[in-house]
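Note that these values count all heavy atoms, side chains included, but never hydrogens, waters or copies made by symmetry.
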Amino acid sequence: MSGEFAQLVVDETIFHLVPTRRRNDPVPAQIQFSEAVCRLSEDVRGKIQANFRGALASHGRPVVEELEVKKSNLPDRVYEYLVEQRDLVSVSTDLAELLFESQRGNSPAGLLLVASASLAGKRALLIVKLEQEGGFRAEEVLVDGKRTFDMNYFANLLMTEHNKIYKAALFCVDGIPDDGPIEGWAADKQLGGKMAQFWLQAFLGCGQKEDPKRVTQQFHEAAVDWVDKKVDDPEKSVDYLMAVLVELRSNTATLDPTAFAADHLDLHDQDSFLAYLASKDVPTGSFDKDIARVAPRLSELQIGFKSGISIVTPVNRVREDIRIEDHSDGTSTVTVKGKITSTRSHYSPRKFNAPHTDGQAPGADKTG
């Protein structure tokens, strides 16, 4: 995902000031519309592109238009722009009105940026809501007789160290199928991987494409499978599997497989790991983590031998109590250190008992 956003190029931008919507105000608030695009210098363009790319790469999530319960006309406006039925200025005006109508009374006033853009050379539309920076005041100017806002104001706003880009969406012409819902990306920097419902549903008219529970389960299964099939070094395979389990059990709300690979895998293993995930349709960019489906599998690690012997150990005791020594013939010696507290027969409830040679049922009394 992050690789895709690295190819985002911003062309023209237009801003509208969208006030807080309070239904009980005696005088309804009014949107301050621009009538012309802002003229950006190449220096400013480059710097705001970097901000937009970073926000989408870190927090962007695939979204898809909700068709069953249509809550917003924004996908229709996006379609009209991307197929070149309407221009940027007229579409952006409609989007500002949609944002104003979708906001709740506690939503802060802000600036709506709408930009013509390209993603990997293909026509795209970027939509960003910015919080007004304290101490700045937008100044209207005329460009060819049309009202717009001073570009210097927005340059200062967008390039501040603590920039206020906190809600964004990107739609590309590739996300418009012949028939079916429009797809794109959305981000909410305030909430990390999650998104305010007014932004995602009421304004964008979309829902998240990926279910966090399902994606987390797919990552777990693919990562474990890759270790099992692609890592020949027994000790390294334990290290890698431990890293997967620890990462999933951590308190972080998101998981970035690319960052995980860089942090925990040898350099020559990273591409193989990410390629394997991609082959299993697992995102290699950041996604929302939800371990509900895999939680029971994260507390223990099993080491299996060709002979059929297995060792099952709590994850948090692996490095303290188990030592693996590899041999040149491909075998390994596993030493378990600790005090033996019990021995018992083991059975699997899913396996039938072995047949008895005397033909009697288990526990039958031979004497009658």
* To do: Mind checking the CG-CG spacing from L111 to L17? Nearest 0.5 Å is all I need.
  => 4.5 Å

* To do: Verify the cluster assignment for L88 and L112: are they in a single hydrophobic cluster under the rule of side-chain heavy atoms below 4.5 Å apart?
  => yes

* Run the side-chain contact (heavy atoms from CB on, under 4.5 Å) check on E221 and R297 step by step: do they pass? -> CA-CA 10 Å; E221 292 173 351; R297 307 178 191 178; 3.9 Å; yes

* Asked: Where is the tightest heavy-atom contact between L265 and Q270, given as atom of each residue plus distance?
  -> O-NE2, 3.2 Å

* To do: With side chain to side chain donor-acceptor pair (under 3.5 Å) as the test, would you mind laying out the steps for T254 and T252 before giving the verdict?
  => CA-CA 6 Å; T254 60; T252 57; 5.7 Å; no

* Yes or no on side-chain contact (heavy atoms from CB on, under 4.5 Å) for R53 and Q7, after CA distance, side-chain angles and deciding distance? -> CA-CA 8 Å; R53 291 169 179 174; Q7 301 179 73; over 6 Å; no

* Could you tell me the separation between the CG atom of L298 and the CD1 atom of I291, rounded to the nearest 0.5 Å? => 5.5 Å

* Asked: Taking T93 for the side chain and V89 for the main chain, is one N or O donor matched with an acceptor at less than 3.5 Å?
  -> yes

* Under 4.5 Å between side-chain heavy atoms, hopping through other hydrophobics if needed: is there a path connecting L99 to F33? -> yes

* **Salt-bridge contact K209-E183 (side-chain N to carboxylate O under 4.0 Å)** => yes

* To do: Indicate yes or no for a side-chain donor-acceptor contact from R77 to the backbone of L95 under 3.5 Å, with no hydrogens or angles considered.
  => no

* Out of curiosity, N73 CG to E101 CD, how far, rounded to the nearest 0.5 Å? -> 11.5 Å

* Asked: Sub-3.5 Å donor-acceptor pair from the side chain of Q49 to the main-chain atoms of V10, do we have one?
  -> yes

* Return the minimal non-hydrogen interatomic distance between F5 and L119, and the atom names on each side. => CA-CD1, 4.3 Å

* **From CA spacing to verdict: salt bridge (Lys or Arg N to Asp or Glu O under 4.0 Å), D281, R214** => CA-CA 11 Å; D281 296 324; R214 180 180 60 81; over 6 Å; no

* To do: To the nearest 0.5 Å, tell me how far F171 CZ sits from L125 CG.
  => 8.0 Å

* Could you tell me whether a side-chain N or O of R86 sits under 3.5 Å from a main-chain N or O of S90, the two making a donor and an acceptor? => yes

* Asked: Any donor and acceptor pair, going by atom type alone, linking the side chain of T216 with main-chain N or O of D290 inside 3.5 Å?
  -> yes

* Decide whether a cation-pi geometry holds between R123 and Y81; the criteria are a distance under 6.0 Å from NZ or CZ to the six-membered ring centre and an angle within 45° of the ring axis. => yes

* Flag the pair K213 and D288 as a salt bridge only when some basic side-chain nitrogen lies within less than 4.0 angstrom of an acidic carboxylate oxygen. => no

* Over all heavy atoms of both residues, which pair between M195 and A186 is shortest? Give the atoms and the distance, please. => SD-CB, 3.5 Å

* **Heavy-atom closest contact (A222 atom, L277 atom, distance)** => CB-CD2, 3.6 Å

* Could you state the interatomic distance from CZ (F260) to CG (L255), rounded to the nearest 0.5 Å? -> 7.5 Å

* Linked, directly or transitively: F219 and Y276 (ILVMFWY side chains, under 4.5 Å) -> yes

* Can you check whether A36's main-chain N or O pairs, donor with acceptor, with S34's side chain at less than 3.5 Å? -> no

* Can you hop from V173 to L126 via hydrophobic side chains spaced under 4.5 Å? -> no

* **Over all atoms of both residues, closest heavy-atom pair of P257 and F287** => CG-CE2, 3.7 Å

* To do: I would like to know whether D211 and R293 meet side-chain contact (heavy atoms from CB on, under 4.5 Å); could you show each step before the answer?
  => CA-CA 12 Å; D211 174 17; R293 294 184 180 179; 3.8 Å; yes

* Check whether any side-chain N or O of E65 sits under 3.5 Å from a backbone N or O of I182 as a donor-acceptor pair, and report yes or no. => yes

* Structure fact -> Residues F203 and S102: closest non-hydrogen pair is CB-OG, 3.5 Å

* Would a distance-only check, ignoring hydrogens and angles, find a side-chain to backbone donor-acceptor pair under 3.5 Å from S286 to D256? -> no

* **D266/K236 salt bridge by N-O under 4.0 Å criterion** => yes

* State plainly whether one hydrophobic cluster holds both F52 and V9, where clusters connect Ile, Leu, Val, Met, Phe, Trp and Tyr through side-chain heavy atoms under 4.5 angstrom apart. => no

* To do: For the pair W226 and Y240, name the ring-plane relationship: parallel under 30°, tilted 30 to 60°, perpendicular over 60°.
  => parallel

* Quick one: side-chain contact (heavy atoms from CB on, under 4.5 Å) partners of S92, sequence neighbours excluded? -> I14, H16, V114

* **Straight-line distance of F198 CZ to Q103 CD, nearest 0.5 Å** => 5.0 Å

* Asked: With a cut-off of 6.0 Å (strictly less than), are more than 12 heavy atoms of other residues, nucleotides or ligands near NZ of K122?
  -> no

* Does K289 pair with E247 as a salt bridge, N-O distance under 4.0 Å? -> no

* Asked: Does H220 have any ring-ring contact (aromatic ring centres under 6.0 Å, His included) partners at least two apart in sequence or in another chain, and if so, which?
  -> none

